[in-house]
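What follows is a single structure, written as structure tokens, with notes after it.
Residues take their numbers from the sequence shown, with the count starting at 1.
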Amino acid sequence: MRPFLVLLAVLLPLAPGIAAGADVLRLLTWPGYADADLVAEFEQRHNVKVEVTLVGSDDLMRDKLSANNGGDYDLITANTAEIEHYIQQNLLQPLQPPRIPNTARQLWRFRDYPKIPGISVAGKVYAIPYTYSEIGLIYDRTQLSSPPQSITSLWDPQLQGRVLAFNGSSHNFSLASQARGRDPFNISADDFPQLTEQLIALRRNVLTFYSQPEEAASLFKEHHIALLLANYGRQQLKQLRDAGVDVGYVIPREGALAWLDCWAISRGARDVALAEAWIDFTLEAPMSRALVERQGLSNTVEEPESLDVPGRLIWLRPVEDAERRTRLWERVLSGERPPLVEAP
């Protein structure tokens, strides 16, 4: 009898997991892409548990996904430039779109995979487009009598302490290069010292750098912010307007970086069929509508309602040296002045 009791004591802690089923889907994604009520619906439908890890920057997603060669997550959401990086790093596995029936509901331009840069290699598709927006400028109409016209408004000394910018190494170097009228994705080694100094000046002009959209909305209201670089685009515009803030939205004359976020299956996914089921679920009407109604973003199954915001969109592309950008940005944030010439 005693050996049986010992064995029972060992097995009892495992009982809840056994009863609930061992299947767990691990998501690495952005805010607004996996709301709790919709996740609960998926869990109930498939009798699984979904673990959602939210990130607020491409840098953080890179760190998390690469930490265990993709083994810690089953699915990620990333923009096309990052998808291309992950394919090169062998952190993703090819998809089979016919196994995801709701891809047939998507607009044709999001199913014409060879024409979407970054998501396919040698005829193999690695990502399914999900949502998109541009990185525009949000401004407080009560403080600014006319809309800002240029990215350089972020450096305006008259707005010091009333500017919010995004905490992202790649985007911020692209932003600084844009402000100088140069290629945002291909920065020469000789240009990095000047651009780094420019970002140090930005750090001194902003209140802070945010990561999550909810964080930015809270700071905007609490600190009487006049100008916000909206990394999450119209998602942030909707948040602030829903909160009753009188804000406008513009595309600067230099153009706005724009992103297309896609679902991709990690190389270390435990259950590919379950990951495919999640992608299929996100293309159903409830999830697609939630992107528009809750987040203010565009989905890939219906044409967006125009906000009549004119301007040029610059779709993200891979950058010349993401590691250098990350390294220099960390020093900018820390207040440590980088050397004028980096060691190769």
Side-chain angles (χ1 to χ4, degrees), residues 20-55 61 64-65 70-80 82-83 86 91-113 116 119-120 124-133 213 232 234-235 238 259-304:
D23 290 338
V24 177
L25 182 67
R26 304 162 300 165
L27 303 182
L28 182 63
T29 188
W30 296 86
Y33 292 5
D35 289 348
D37 59 328
L38 297 170
V39 166
E41 181 181 339
F42 181 84
E43 289 176 326
Q44 184 175 11
R45 184 186 302 183
H46 294 275
N47 191 29
V48 296
K49 175 68 176 175
V50 178
E51 295 178 351
V52 180
T53 301
L54 298 179
V55 295
M61 181 170 286
K64 287 185 174 296
L65 186 61
D72 294 333
Y73 303 97
D74 302 302
L75 269 168
I76 68 164
T77 325
N79 67 62
T80 52
E82 291 297 305
I83 292 291
Y86 294 137
L91 292 171
L92 303 177
Q93 56 182 287
L95 297 166
Q96 298 183 53
R99 291 169 55 96
I100 306 171
N102 280 324
T103 55
R105 299 182 63 243
Q106 292 182 287
L107 298 169
W108 172 245
R109 65 178 178 273
F110 297 114
R111 289 185 283 140
D112 195 0
Y113 307 120
I116 303 174
I119 71 169
S120 59
K124 295 181 179 179
V125 178
Y126 286 82
I128 300 297
Y130 180 52
T131 185
Y132 59 98
S133 187
Y232 299 84
R234 301 180 189 193
Q235 183 180 15
K238 177 174 172 54
W259 44 263
L260 171 62
D261 276 357
C262 306
W263 290 109
I265 299 179
S266 166
R267 168 186 167 188
R270 295 171 179 167
D271 188 335
V272 172
L274 185 59
E276 292 170 337
W278 172 265
I279 299 175
D280 200 58
F281 176 72
T282 66
L283 299 178
E284 292 180 4
M287 286 284 280
S288 296
R289 283 198 304 265
L291 281 173
V292 178
E293 296 171 359
R294 301 182 187 184
Q295 309 301 331
L297 294 172
S298 299
N299 61 48
T300 57
V301 301
E302 58 190 358
E303 294 291 355

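- In this structure, the side chains of Phe281 and Glu41 come closer than 4.5 Å at one or more pairs of heavy atoms.
- The side-chain heavy atoms of Leu54 and Thr29, taken from C-beta on, include a pair separated by under 4.5 Å.
- Note on Arg270 versus Glu51: no salt bridge recorded, every NZ/NE/NH1/NH2 to OD/OE distance being 4.0 Å or above.
- With respect to Trp278, the side-chain contact (heavy atoms from CB on, under 4.5 Å) criterion is satisfied by exactly one of Ile265, Val48, Leu27, Ile100: Leu27.
- Side-chain contact between Tyr130 and Cys262 is absent, with no heavy atoms from C-beta onward closer than 4.5 Å.
- Between Pro286 and Leu38, the closest heavy-atom pair is CB-CD2, 4.4 Å.
- Counting all heavy atoms, side chain and backbone alike, Pro129 lies closest to Ala127 at CD-O, 3.9 Å.
- The ring pair (Phe, Tyr, Trp, His ring centres under 6.0 Å) test applied to Tyr132 returns Phe110, not counting sequence neighbours.
- To the nearest 0.5 Å, the span separating CE on Met287 from CG on Asp280 amounts to 11.5 Å.
- In this structure, the side chain of Asp261 engages the main chain of Asn79 through a donor-acceptor pair within 3.5 Å.
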Under the side-chain contact (heavy atoms from CB on, under 4.5 Å) rule, what do Thr53 and Arg26 come out as? Steps first, then yes or no, please. CA-CA 8 Å; Thr53 301; Arg26 304 162 300 165; over 6 Å; no

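- Nearest heavy atoms, Leu283 versus Asn102: CB-CB, 3.6 Å.
- The shortest side-chain heavy-atom distance between His46 and Leu25 does not fall under the 4.5 Å cut-off.
- Among all heavy-atom pairs drawn from Asp74 and Gly268, the shortest one is OD1-O, 4.3 Å.
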Decide yes or no on side-chain contact (heavy atoms from CB on, under 4.5 Å) for Trp30 and Thr131, but give the supporting numbers first. CA-CA 11 Å; Trp30 296 86; Thr131 185; over 6 Å; no

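- With hydrogens and angles disregarded, no donor-acceptor distance shorter than 3.5 Å links the side chain of Arg294 to the backbone of Gly32.
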With side-chain contact (heavy atoms from CB on, under 4.5 Å) as the criterion, how do Asp23 and Asn47 come out once you've worked through the C-alpha distance, each side chain's angles and the decisive distance to 0.1 Å? CA-CA 8 Å; Asp23 290 338; Asn47 191 29; over 6 Å; no

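- At a threshold of 4.5 Å between non-hydrogen side-chain atoms, the residues Arg267 and Leu92 do not count as touching.
- Using a 4.5 Å heavy-atom threshold, the side chains of Thr282 and Phe42 count as separate.
- With sequence neighbours excluded, the residues forming a side chain to side chain donor-acceptor pair (under 3.5 Å) with Glu303 are Arg109, listed by chain and number.
- A donor-acceptor contact shorter than 3.5 Å is absent between the side chain of Trp263 and the backbone of Leu75.
- In this structure, the side chains of Thr80 and Trp259 stay at 4.5 Å or more apart for every pair of heavy atoms.
- With hydrogens and angles ignored, the 3.5 Å screen pairs no side-chain donor or acceptor of Gln295 with any backbone N or O of Tyr33.
- Note that CG of Asp35 is 8.5 Å distant from CG of Leu291, once rounded to the nearest 0.5 Å.
- For Arg234 (side chain) and Ser133 (main-chain N/O), no donor-acceptor pair under 3.5 Å exists by modelled atom type.
- Minimum heavy-atom separation, Pro31 to Tyr232: CD-CE2, 4.2 Å.
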May I have the step-by-step check of side-chain contact (heavy atoms from CB on, under 4.5 Å) for Ile76 and Leu65, ending in yes or no? CA-CA 8 Å; Ile76 68 164; Leu65 186 61; 3.9 Å; yes

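- Lys238 places a side-chain N or O within donor-acceptor distance of the main-chain N or O of Glu293, the cut-off being under 3.5 Å.
- Of the possible polar contacts, none joining the Thr300 side chain to the Gln106 backbone as a donor-acceptor pair under 3.5 Å is found.
- Put simply, the side chain of Ser288 never gets that close to the backbone of Asn299: no donor and acceptor are under 3.5 Å apart.
- Considering every non-hydrogen atom in both Ala78 and Ile83, the closest pair reads O-CG1, 3.7 Å.
- Under the 4.5 Å side-chain criterion, counting only non-hydrogen atoms from C-beta, Asp72 is not in contact with Lys64.
- With hydrogens and angles disregarded, no donor-acceptor distance shorter than 3.5 Å links the side chain of Gln235 to the backbone of Gly296.
- With hydrogens and angles ignored, the 3.5 Å screen pairs no side-chain donor or acceptor of Glu82 with any backbone N or O of Met61.
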